[in-house]
Amino acid sequence: MAAVKASEVRGDPPLLRAAELARVVAGEGAGIPSADLAGILVSNLCFAHNSPSLWKLVGQAMASRLLCPLNVLALLTPRVLPQRRAQPEAYRLYLELIKCNVTSPSLFMEAGPNRDKITKSIADALQLLKNYGYCGTEFGHVVIMFVLALVTKLIDSILEDCGFPSGMAEGQESVYAIEGPQPMDLDVKKVPTENQNEHREQLRRKNTVMALDVLHMMVADRKIQSFLRLIFLNMPEKFSSLSQRLSSIEAHKVALETLLPSGHKINDLLIDIQKVCNANYQPNNKHIVDVLGNMRSGGSLLGQLTGAGRAACWIIFDIYVENAIDGKHLSGISAIEVLKVTKTLQVLNEASWQETFKALWISALRLVQRAREPLEGPIPHLDARLCMLLALIPLSVAAILKEESDMFGAEGSKILPRRQGLISSLQDLIQYSGLLVPPSSVVNAANSAASKAAIFKSNYNAGVVNSSMVAQIDSSTKAVGNMLHLIIEACISRNLIDTSAYLWPGYVVSSGPLKDTTLPQESPWLNFIKGAPLSGPLIDALVATPASSVGELDKLYNIAANGSEEEKTAAAKILCGASLVRGWNIQEHVVGMVVKLLLASLPSDSSTSTPGSINHYLAQMSTLNEILLGLSYGDAIHILSLYGTVPDVAAALMPLCEAFGSIAPPPNHKSTILGETSVYSVFSCAFLCLLRLWKFYRPPQEYCLAGRGGSVRMELTLDYLLLMRNNRIDLSNSSAPSRDSYDNMGSVNEVPAQPVYIDSFPKLRAWYFQNQACIASTLSGLCNKNPVHQVANKILSMICRKMNKGGISSGNLSSASSSSVSGSSVSASDDSFQRPAFPAWEFLEAVPFVLEAVLTACAHGRFSSRDLTTSLRDLVDFLPASLAAIVSYFSAEITRGIWKPVPMNGIEWPSPGASLHSIEAEIKEILASAGVQIHSCYPLMLSYNLSGGVPPMLPLPMAALVSLTITFKLDRSLDCIQGVIGQALENCAGGSSWPSMPIIASLWTQKVRRWHDFIVLSCLRSPFGRDKDAVAQLVQSCFSSFLQSSSSGSDITANRGVGALLGDSITNQGLRLPMAPGFIYLRTCQTFHDTYFVSEVILKQVIEWSHKLANGCFFNGPPQLKSGRTSLSCAASMARQVAMLGAGLLCISGGSLVVQVLYEETLPTLLLSAREQSLKDPGPVSSTLQGYAMANMLFFCGSLLWGADRISPVMKLSLFSRRPRVVGTHMDFIAGVLDGHILLGCDPGTWKAYVSRFVFLVVKFVPSWLRDIKLDTLKKIAAGLRSWREYDLALSLLERGGPQAISAVVETML
């Protein structure tokens, strides 16, 4: 200060005084800018030496960077603001310093001890620890906290100066309080006190206006907005202090605009800060690959596109719901969770909730219409389609609405945006009459729903408000119903909408009172509720009629849990009837009750071997038998899987299998196929139901992928099912909110659950490992005295009782001794010896060895084919569960390829006859209509029929298995068997190198002619398991049909991309041609062995179609024309849709592992490789569009798999924890190329478009991904983007990089 005073005495100008000050500081060895000097000057300025000259000196020192402006302002703020009324001159100069320095472009400081000292000085001056709880000293964090504190305090000052309370929370200590009065030197010019007071009062008013101007200038500055956005994104709890001030400004907005001359800036101030709170990235339209990067998916051009139109933006809905209906592949995750992709698509398509929900409903309506008259077969799948439309989608919508209500709470009678969007979407559906035509099986239900609405409307118009009178007045009113009426009922039953929907215009189409008509038959559930006993006729009626309310179900469940033995059996049968399959409005409750009943049948003692527990199981046998038969019927298991209860069902079935498999049958047990309830029948039904939940018979190549050694896809196994269930239990126990959508599934959540481990069931565990060993390798021999050998001998004696041939070679059972089976002569009359009474587990353990013996005997001619088939059928008749061992053993043997083929000539084995050629011709015709050409598998078949050529042949195990399956009758009691053998036959045919499926189909068509079309449709899978060329053709046909269909119309339901891809109707009095390629793809993609080949084909199709679109976009004129730019926009929109289609097809076929490889290997390899000959020199437009499309596809794959927001804990277990590593690896690759460490082989334009678009999509839609990326990687990518003049994108990338990137953003901005 001595140097300052000396310079002032000499009358030096401020610049020379600042230079003198710099000389003194340098002489003392202090760094510049100096924190100590700033502290000395400010402490004297406030207010010991409060003179204009010292203010000028401070200003000059800040301008020359002798002092750090942020440090000086931080020191001044707590000193000047509390004294702004007493020291208006100082406040005015303080505001001038802020105006000149806070947005200065040269505030950057090199890292070092000096900067650290200044940072600590700023933090201490603003008391960041006390006021904001921030105790760090990192430069970037302190700078943004300085900005937040300054903006907040200026707002408080303006509010207080205008007479309004500040936005501080009640009880919060004032941040402006300082101790002790400050000396003031005001009367410098010795003006009269009265004039001085008037002047200072005017200055105070001007200061308030200037403070508003300075504040407006600050928040309008791009740099300040960036700093505030960093706090909003990374420290929301600290940003709340500013939000409180904004609320105060909003509350007094009108008064402030009146009081302040520049009050109009209040609105601008709010708008600018609102931009900060809007975390969505808004691109600079001048960059990002011109129009390509900034195309809004919902733009007006989409409705004009050829082939796809706006509906193509929602193609993922159609793909996902159609894929979920494939009952051959059950899922352990609820379709409600999977349908949360709705939120992702709403974000990606930037659509309103009305449009989103409307697209979801229309996709589900298409799903039903696609097979509204299902082909006759063992599993119709129409019930599952209706379950998707009328139960699962309403439940998924309910979960989305619940998130909104939890977030914003109930706001009186106000309808929140999502719920309003749902209501509007349902009202829009009225116009789509073609999609609303109900299948014939639900016409009555639709008419009943419409009549209910008509009666309500009639009573409403008549002023009847008593709900009990609604059903009694004008009961003859009839109305024509459609699918919308069923949808509305499903939504009302779940409180998504209210009964005001009945009054919507056009909703009720009444046919008027019908005279002389029979009144509707009273529901049997009304009689049940009134107390009618469960007698035979009432039971049958309740089984055939779905319940209409949860109250009816609760009464039924109470009987099933606590009634007499007969009542329990009847209630279980009713519960697993129509209410489970077609009770759409209460289906989630029925599913939960069925699972609870299975668990309720378990004894309190967890042991399965004690006499008490065994007696308990035996007492529950009839009830369990009805439940298990109900679960085996039709779509029941599939519906359970759609609700995500497969892990729970597996956990409930395991103790049943363990217990009943440990109980020996009575000595007089003969057959289980006769319909009586027995230990063997209950065990077999439970065991086969358990096995249907996962592919227990998968041959070895299904578990590995050629060349990679990893799993092909996320296949369910028993271990994995138990892991999913136990993880779900842990989540529900640790945090109730983590259950998410399962809160909407009623009784499912109420099941008392404990973790279940396979080690708790030793006999089931032993079979499980034996089954895996059987699949993995051939059987090992057994010694004579081995207990399994003895059981196997008795089983052989039983199944050979009708064949006095003694010619079975049992080399694997025993050595060639006199005690071997081959040397025994069995007496058919010794029935007690013929029928072993072993517990089922001991029986199953011996079955593989029996199978090896009889199969070996048949292969060596010592056992005829008829005898082999008969013996296998006897085995299944005695213990149906043995079918599991037969399927598993034969599947493994077929895969090994060690058995010679046998002729299917009608002599030794059944002959497919002429129908083989017909079936194969039909398959070729259907595939050809979908654009797939395949070669004939049996070119000699025709010559065989005409002149004795080579007959069709099958491997011996395959011939034995198919011969066994065609012996079963089509009876409902055999549904548990039919559910296993159908998929087993397809799987065995796919696992064999021999073309088997057409022969199997021919034999089954001869057995059940009315299943012809169903069987042919199932055969369409067979060519794609072994023919990569057919797979490539199918993928190509999917893209062609999606893009080259009719361009007329712009309606969301127009028969364009979606209709051509998946088909509007697959069945119309038989199979309908041409068959949609997308439908075939979804039904066959699970059979693709090399899914990585499929991903490469899909990616190449995306690139090729982008190239075609680019070549066609300037067809009518040069690129300079405006029309050319419009065409480019259309091409970009279509390229985006191509990418969306490719992502959907890839995710469905390959799942998470293929997406992982796409990120880590496939796409990087493609970018590093030289371009293919056909795409060399594609031109700038084509190169750009290719990169644009690749980025879109990669991003869509990741976002569909990992979501655009938080991931449900239910979904995290299986595949989503990989996302940080996968995305991080790919971003490292991008950073390595941009940093110059990796050389590219692709076109530079392709690379630039790819990187810009991918980073743009991540920043805009899934910024949470960036928090897991390494800071060094983000910096390199940002530097590369800045080199392309993508400044906004580079900044936004760093802003969303999490707390780790704050300093990088601050240094970039400073």
Side-chain angles (χ1 to χ4, degrees), residues 323-339 379 381 383-384 387-388 391-392 395-396 576 580-581 587-588 590-599 627-628 630-657 685-698 713-732 739-742 745-749 751 753 755-758 761 764 768 884 975-976 979-980 983 1086 1151 1208-1215:
N323 180 69
I325 296 305
D326 185 5
K328 296 181 183 296
H329 304 278
L330 304 181
S331 173
I333 299 175
S334 168
I336 302 170
E337 289 288 341
V338 176
L339 285 173
I379 303 178
H381 292 315
D383 290 329
C387 166
M388 177 66 73
L392 294 168
L395 286 172
S396 67
C576 296
L580 174 62
V581 179
Q587 196 171 48
E588 63 271 24
V590 183
V591 169
M593 290 178 180
V594 170
V595 177
K596 287 173 66 177
L597 274 183
L598 283 175
L599 291 174
I627 297 175
L628 296 171
L631 296 184
S632 302
Y633 175 66
D635 277 349
I637 283 288
H638 187 197
I639 289 173
L640 290 178
S641 78
L642 291 175
Y643 279 94
T645 60
V646 166
D648 298 307
V649 173
L653 291 175
M654 289 173 66
L656 298 181
C657 295
C685 204
F687 188 61
L688 294 178
C689 280
L690 177 63
L691 298 188
R692 285 184 65 184
L693 303 183
W694 89 95
K695 302 298 186 292
F696 70 96
Y697 46 75
R698 285 289 193 193
R713 54 179 65 87
M714 296 299 296
E715 290 288 4
L716 295 183
T717 64
L718 186 57
D719 301 303
Y720 186 64
L721 287 175
L722 294 181
L723 181 63
M724 291 184 68
R725 180 182 183 275
N726 295 340
N727 181 72
R728 188 182 301 169
I729 293 172
D730 292 341
L731 289 171
S732 62
R739 289 158 68 170
D740 287 340
S741 65
Y742 285 87
M745 290 182 59
S747 302
V748 175
N749 296 317
V751 178
V756 175
Y757 303 98
I758 195 171
F761 312 101
L764 174 61
Y768 185 58
D975 279 341
C976 60
V980 172
Q983 294 186 44
Q1086 298 294 330
S1208 166
V1210 177
M1211 304 285 278
K1212 283 183 178 179
L1213 172 67
S1214 56
L1215 42 99

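Note that the structure is predicted; figures quoted are calculated from it, not measured.
Rounded to the nearest 0.5 angstrom, D635 CG and L642 CG are separated by 8.5 Å. With rounding to the nearest 0.5 Å, the separation of CZ in F761 from CG in L718 is 9.5 Å. Here the CG atom belonging to L653 is positioned 9.5 Å from the CG atom belonging to L599, to the nearest 0.5 angstrom. To the nearest 0.5 Å, atom CG of residue D326 and atom CD of residue Q1086 are 7.0 Å apart. Interatomic distance, E588 CD to C387 SG, rounded to the nearest 0.5 Å: 9.5 Å. Here the OH-OG1 distance, from Y768 to T717, works out to 4.5 Å after rounding to the nearest 0.5 Å.
Residues L631 and L580 have side chains in contact (heavy-atom distance under 4.5 Å, counting atoms from C-beta outward). Counting heavy atoms from C-beta on, the side chains of M654 and L722 come closer than 4.5 Å. Residues V646 and M724 fail the side-chain proximity criterion, which asks for heavy atoms closer than 4.5 Å. Between Y643 and V649, the closest side-chain pair of non-hydrogen atoms is not below 4.5 Å.
D648 places no side-chain N or O within donor-acceptor distance of the main-chain N or O of R725, the cut-off being under 3.5 Å. Looking only at distances, a side-chain donor or acceptor of T645 sits under 3.5 Å from a matching main-chain atom of L640.
The minimum heavy-atom distance between Q587 and A391, with the atom names listed, is OE1-CB, 3.5 Å. The shortest heavy-atom contact between H638 and S641 is O-OG, 2.6 Å. Between S632 and C685, the shortest heavy-atom contact is OG-SG, 3.7 Å. Of all heavy-atom pairs between V756 and A651, the closest is CG2-CB, 4.0 Å. A pairwise comparison of heavy atoms in I639 and A384 identifies CG1-CA, 4.4 Å as the closest pair. Heavy-atom minimum distance, P755 versus N726: CA-OD1, 3.2 Å.
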Item to complete: Could you walk me through whether L628 and L688 pass the side-chain contact (heavy atoms from CB on, under 4.5 Å) test, one step at a time?
Response: CA-CA 10 Å; L628 296 171; L688 294 178; over 6 Å; no
